[in-house]
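These values consider heavy atoms only, across backbone and side chains, with no hydrogens, waters or symmetry-generated copies. Every number for a ligand or one of its atoms is a count from 1 in the order of the listing. All residue numbers in this chain count up from 1 along the given sequence.
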Amino acid sequence: VEETIQVGLGDRSYSITIGAGIMERIGPMLQAGGFAKRYGIISDDRVAALYGEQVQHSLRQAGIGCELIVFPQGEASKHLTTIGTLASSLAERGFDRGDGLLALGGGVTGDITGFLASIYMRGIPFVQVPTSLLAQVDSSVGGKTGVDIPQGKNLVGTFYQPRAVVIDTRVLHTLPHEEFLGGMAEVIKYGAAIDADFFTWLDMNQAAILALDAEVIVPMIRRCCEMKASVVEQDEREGGLRRILNFGHTIGH
Ligand code: GLY
């Protein structure tokens, strides 16, 4: 099963591809996209240990240069100091405006990679390869980036769209169960806030969802991304409607 949906934002439009095992093909996919000549793969130490090699191998096989740049796992890394450290790593490796970033990880990784991409050399391309369910159904889509400061979450950031989102549902098998359930809260939220039929569908498919059956997980994530894309297309910078996506986030934070 593989599904593709489009986020329609004029010349900043991009595709979201969802499938089981598609991370193995990330190299050819990025080569076809032609977004950058070399990628800085930004990942935390846990996800880098699981998937860093595979992604680097796929990119190199496709003739795309890459460097894995790792930061410590956890919310504490969603901080301006991490942005400074990562920017220095890119500069030391000679990253320029022809290069891009690849966010390999959960929400923290996507948010800091997107923020860094939006400001490094005044903006370089980036792609999202989300590895948590929460990032797959929410944070990797729609271009919100940022970090926390002592005064509040996400107070410093940008709206900056990725060039592509590649969602491999197979990685959910290595996601801690608690994290999977946290992501499911967000999935159920789409049902509660936007689509009652989807809410019922989730209820009917509980066993298959919990078993991570790709036949159900791929369409589930596709439907969430479709809803998110539709809202973002109508209100990219959260003038009004996009606030519907924040339903449940205050208590979640
Ligand atoms: N995470 C909510 C939004 O992207 O608007």
Not counting sequence neighbours, list each pair that qualifies as a side-chain hydrogen bond (donor to acceptor under 3.5 Å, both in side chains) and has a residue in residues 82-91. none
Side chains of Q234 and S230 only: does a donor on one sit below 3.5 Å from an acceptor on the other? yes
Any protein N/O atoms within less than 3.5 Å of an N/O atom in ligand 1? List the atom names and distances, or say none.
unit_1   : atom_1 : unit_2 : atom_2 : d
ligand 1 : 1 (N)  : D138   : OD1    : 3.0
ligand 1 : 1 (N)  : D138   : OD2    : 3.0
ligand 1 : 4 (O)  : K228   : NZ     : 2.5
ligand 1 : 4 (O)  : R242   : NH2    : 2.7
ligand 1 : 5 (O)  : K144   : NZ     : 3.0
ligand 1 : 5 (O)  : R242   : NE     : 2.7
ligand 1 : 5 (O)  : R242   : NH2    : 3.4

Going by ring pair (Phe, Tyr, Trp, His ring centres under 6.0 Å), name the pairs with one or both residues in residues 50-76, residues two or more places apart or in two chains. none
Test: ring pair (Phe, Tyr, Trp, His ring centres under 6.0 Å). Region: residues 199-220. Which pairs qualify, not counting sequence neighbours? F198-W201
Between R222 and E2, does the salt bridge (Lys or Arg N to Asp or Glu O under 4.0 Å) criterion hold? Intermediate values first, please. CA-CA 10 Å; R222 192 218 53 200; E2 183 173 316; over 6 Å; no
Please check: side-chain N/O of D235 versus main-chain N/O of E238, any donor-acceptor pairing under 3.5 Å? yes
